[in-house]
Each structure stands twice: as C-alpha cells, then as structure tokens.
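See below for the structure under consideration.
What you see is a predicted model; the values in this text were computed from it and never measured.
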Amino acid sequence: MSEKQLRQPSEQTRQPSREPQLLPLVGDDRQDLRADCGSCFGLCCVALTFAKSADFPVDKAAGTPCANLRQDFGCGIHQDLRQKGFSGCTVYDCFGAGQKVSQTTYGGTDWRQDPDSARQMFDVFPVMRQLHELLWYLTEAIALPEARPIGAELRRALDRTEDLTRGAPADVAGTDVAAHREDVNVLLLRTSELVRADIRRKKKDRRGADLFGARLKGADLRGVTLRGAYLIAADLRGADLRRADLIGADLRDADLRGADLTGSIFLTQSQVNAAKGDAATKLPPALARPAHWS
C-alpha cells in the first residue's frame with residue numbers, strides 16, 4: 001500500500017542510537033500475514049489486472065487467468081519469472097490474503113469448482129489484501145516498545161481489522177476500506193512519531209518527496225519520515241535508514257547495497273523485493289533477503 005493509498009481510497013559512519021526492538025507476540029509472529037501460495041487458488045494470477053510494461057510482457061484483464069497458471073494453481077514459470085519478463089510477480093505480496101480468501105472466506109471451494117462464485121471471489125481478494133496489509137502494520141506497531149502509550153488503541157484497531165476479514169464474502173467485498181484505512185493511519189502516524197521522537201526534530205520531513213534517482217549514498221536518514229516518497233532508482237548505498245518511516249515509499253530499483261534498514265518501521269517484503277541489495281544490506285528481522293539480490 002502506498003502512502004497515497006493511505007491518504008486516499010483503494011515496502012559509513014554510524015552513531016549508536018536506541019533502536020526499536022520487536023517484542024514477541026504470543027501466538028502471533030505474522031506467519032498468517034505471509035503468502036502461502038500452496039493454500040491459495042492462484043487469486044493474484046486471476047483477479048488482478050496487469051499491463052504490458054517493464055514488469056509484465058503482456059496485458060491481462062482482471063478475472064482472466066494468467067497463461068502461466070497451472071491446473072493446480074501453481075505457476076508454470078515460477079523459477080524463471082524475471083527471465084520471462086514477469087518481474088512484477090516477484091515483487092507482489094498479498095500479505096496472506098490469498099489463502100485467507102481461499103481457505104476461510106470460501107471454505108476451500110475454488111472458482112473452478114464453483115464458477116458462480118468466481119466474480120465475487122475476485123472482488124473479495126483485493127479488499128482482503130488491503131485489510132491484511134493493515135494487519136501487518138498494526139501487528140508491527142503493537143510490538144514496538146515506543147508505541148506502548150497507544151497500545152490499547154492499536155490492539156482495538158487490529159481486532160476490528162481482523163473482524164472485517166472474517167465476514168461473509170459479500171460483507172468483505174462491501175467493506176469501506178478507505179474509511180477504515182484513514183482511522184488506522186492516524187494510529188500509524190502516532191506510532192511513527194513515538195518511535196522517531198528523540199531524533200525526528202533534527203531531520204527534514206521527506207514525506208511524499210520526489211527523490212527519483214536521488215544521490216543519497218551514505219546519507220544519514222535515521223528517523224526521517226519517507227512515507228510515500230518516490231525513491232525510484234535512488235542511490236541509497238550505505239545509507240543509514242534506522243528508525244526511518246518507510247510506509248508506502250516507492251523503492252523500485254532503489255540501490256540498497258550496504259544500507260542499514262534495521263529498526264526501520266513499516267517496511268514490507270514487497271518494497272524490499274522491488275529494490276536492489278546485496279549481502280551487506282541489513283534488513284529488519286521480519287523480512288527476507290530476496291533471491292535475486294547479488
């Protein structure tokens with residue numbers, strides 16, 4: 001989800017600093033918010049639209065199965081997606097919405113078995129994906145020690161969001177996600193301010209900034225808000241992004257080689273997958289190093 005989506009309807013020399021530590025959440029390590037393609041009906045390969053571009057070699061309309069989707073809902077070119085021009089697929093993350101819709105909302109009955117449910121299922125999926133992304137952010141926020149003053153409010157927002165994901169198909173599809181997102185975003189902004197409180201006053205607010213191709217090699221960006229910033233193809237080699245707010249920042253082709261993102265907040269796997277990095281790039285513990293990074 002981009003910062004724009006959060007606002008509207010619809011990832012050197014360093015000084016020591018106190019970094020936010022993720023606390024263990026009993027019975028909840030966000031595993032349910034990670035994609036399990038083996039338990040999904042290939043919903044992202046059918047429900048979504050993609051256009052011929054640098055990310056996809058062909059056009060595909062919403063509701064039309066991708067030509068590479070197999071009968072078992074697996075991808076026929078999974079190991080070669082980037083080589084075949086489908087890099088957009090390697091970046092996409094449903095935050096576990098695919099298996100939630102497939103196995104919970106529709107009880108394991110897929111759109112091929114019940115063609116009459118297909119259109120509704122494809123409408124439910126993108127709504128569920130947005131709700132699950134909010135669950136990802138809220139779960140992270142609750143685990144941050146600095147956010148304890150608003151912990152009860154965050155927990156209520158998480159419970160409310162989870163309740164919305166458990167509704168009947170028609171109820172989920174009819175969810176006013178924009179309104180709910182606005183309520184949640186107020187709490188996420190407060191969380192960000194609490195986390196960055198002791199250093200943010202020294203930093204320039206770069207929220208929504210156009211930093212396309214910016215030369216930020218080795219930059220001290222600790223505690224900077226980069227919410228919704230355009231960092232496409234930015235040179236962030238060796239940059240210090242600890243405690244930076246990265247929610248919705250566009251990191252496509254951003255060079256993160258050697259950058260330190262430990263303790264950064266609201267960073268997602270999709271954002272990381274869209275960027276370039278290497279073995280020296282430091283990531284938050286909840287995120288994995290992409291296979292395509294050298």
Side-chain angles (χ1 to χ4, degrees), residues 1-8 10-14 44 48-60 80-95 133 136-137 192 196 200 203-284 286-294:
M1 180 191 312
S2 68
E3 171 66 3
K4 283 68 69 180
Q5 287 175 306
L6 281 168
R7 294 196 299 261
Q8 303 172 9
S10 140
E11 272 236 335
Q12 357 41 347
T13 300
R14 297 183 172 88
C44 66
L48 306 181
T49 298
F50 54 70
K52 187 174 183 179
S53 62
D55 297 319
F56 299 100
V58 295
D59 294 322
K60 189 194 79 65
D80 302 308
L81 284 167
R82 284 184 170 269
Q83 295 87 330
K84 299 286 188 179
F86 288 85
S87 60
C89 297
T90 69
V91 172
Y92 183 77
D93 183 6
C94 76
F95 294 93
E133 185 170 2
W136 178 274
Y137 294 138
S192 176
R196 301 179 297 107
R200 66 187 175 89
K203 308 292 182 179
K204 186 176 181 180
D205 187 336
R206 305 311 300 265
R207 180 173 178 174
D210 184 354
L211 297 170
F212 189 106
R215 299 176 181 177
L216 296 168
K217 182 179 179 180
D220 181 0
L221 298 171
R222 288 175 301 146
V224 172
T225 178
L226 291 162
R227 297 170 66 91
Y230 295 94
L231 287 158
I232 302 168
D235 184 356
L236 289 161
R237 288 175 293 169
D240 191 341
L241 289 152
R242 290 175 294 170
R243 273 200 283 179
D245 184 345
L246 292 167
I247 197 167
D250 193 334
L251 294 172
R252 283 177 292 169
D253 292 324
D255 194 340
L256 295 175
R257 287 176 293 173
D260 189 349
L261 294 99
T262 53
S264 61
I265 56 174
F266 305 135
L267 181 66
T268 67
Q269 190 66 54
S270 181
Q271 289 169 293
V272 171
N273 290 349
K276 300 174 182 177
D278 60 12
T281 306
K282 297 179 181 179
L283 296 172
L287 303 179
R289 194 174 306 277
H292 66 273
W293 282 12
S294 60

Worked verdict on D235 versus L216 for side-chain contact (heavy atoms from CB on, under 4.5 Å): CA-CA 5 Å; D235 184 356; L216 296 168; 5.9 Å; no
Where do D253 and K276 land on the side-chain contact (heavy atoms from CB on, under 4.5 Å) test, with the steps shown first? CA-CA 6 Å; D253 292 324; K276 300 174 182 177; 3.8 Å; yes
Test F56 against C89 for side-chain contact (heavy atoms from CB on, under 4.5 Å), laying out the working first. CA-CA 8 Å; F56 299 100; C89 297; 3.7 Å; yes
From CA spacing to verdict: side-chain contact (heavy atoms from CB on, under 4.5 Å), T281, R289: CA-CA 9 Å; T281 306; R289 194 174 306 277; 3.8 Å; yes
Show the numbers, then the answer: is there a ring-ring contact (aromatic ring centres under 6.0 Å, His included) between Y230 and F212? CA-CA 6 Å; Y230 295 94; F212 189 106; 8.8 Å; no
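From F50, atom CZ reaches atom NZ of K60 across 5.5 Å, with rounding to the nearest 0.5 Å. Taken to the nearest 0.5 Å, the CG atom of D245 stands 4.0 Å off from the CD1 atom of I265. Summarising the geometry, atom CD1 belonging to I232 is positioned 4.0 Å from atom CG belonging to D250; distances are rounded to the nearest 0.5 Å.
Looking at every heavy atom in both residues, L287 comes nearest to W136 through CD2-CZ2, 3.9 Å. When all heavy atoms of A249 and L231 are compared, the closest pair comes out as CB-CD1, 4.3 Å. Summarising the geometry of S192 relative to R227, their closest heavy-atom pair is CB-NH1, 4.5 Å, with the distance given to 0.1 Å. In terms of heavy-atom proximity, L241 sits nearest to S264 at O-CB, 3.5 Å. Nearest heavy-atom pair across F86 and P57 is CE1-CG, 3.3 Å. Taking each heavy atom of C44 and Y92 in turn, the nearest pair found is CB-CE2, 3.6 Å.
Under a 3.5 Å cut-off, the side chain of D59 and the backbone N or O of K52 do form a donor-acceptor pair. Formation of a donor-acceptor pair under 3.5 Å by the R243 side chain with backbone atoms of G223 is not found in this model. At least one donor-acceptor pair under 3.5 Å links the side chain of Q269 to the backbone N or O of A288.
Looking only at atom types and distance, the side chain of T90 has a donor-acceptor partner in the side chain of R82 under 3.5 Å away. Inspection of the N273 and S270 side chains reveals no N or O donor paired with an N or O acceptor under 3.5 Å.
The residues R222 and D220 are annotated as salt-bridged, a charged nitrogen and a carboxylate oxygen being separated by less than 4.0 angstrom.
No side-chain heavy atom of R206 sits under 4.5 Å from any side-chain heavy atom of T225. Taking the side chain as every heavy atom from C-beta outward, L261 and L246 approach each other to under 4.5 Å. Side chains of L81 and S87 form no contact here, defined as non-hydrogen atoms less than 4.5 Å apart. Residues D255 and L236 have side chains not in contact (no heavy-atom distance under 4.5 Å, counting atoms from C-beta outward).
Below 30°, between 30° and 60°, or above 60°: for F266 and Y137 the angle between ring planes is above 60°, a perpendicular geometry.
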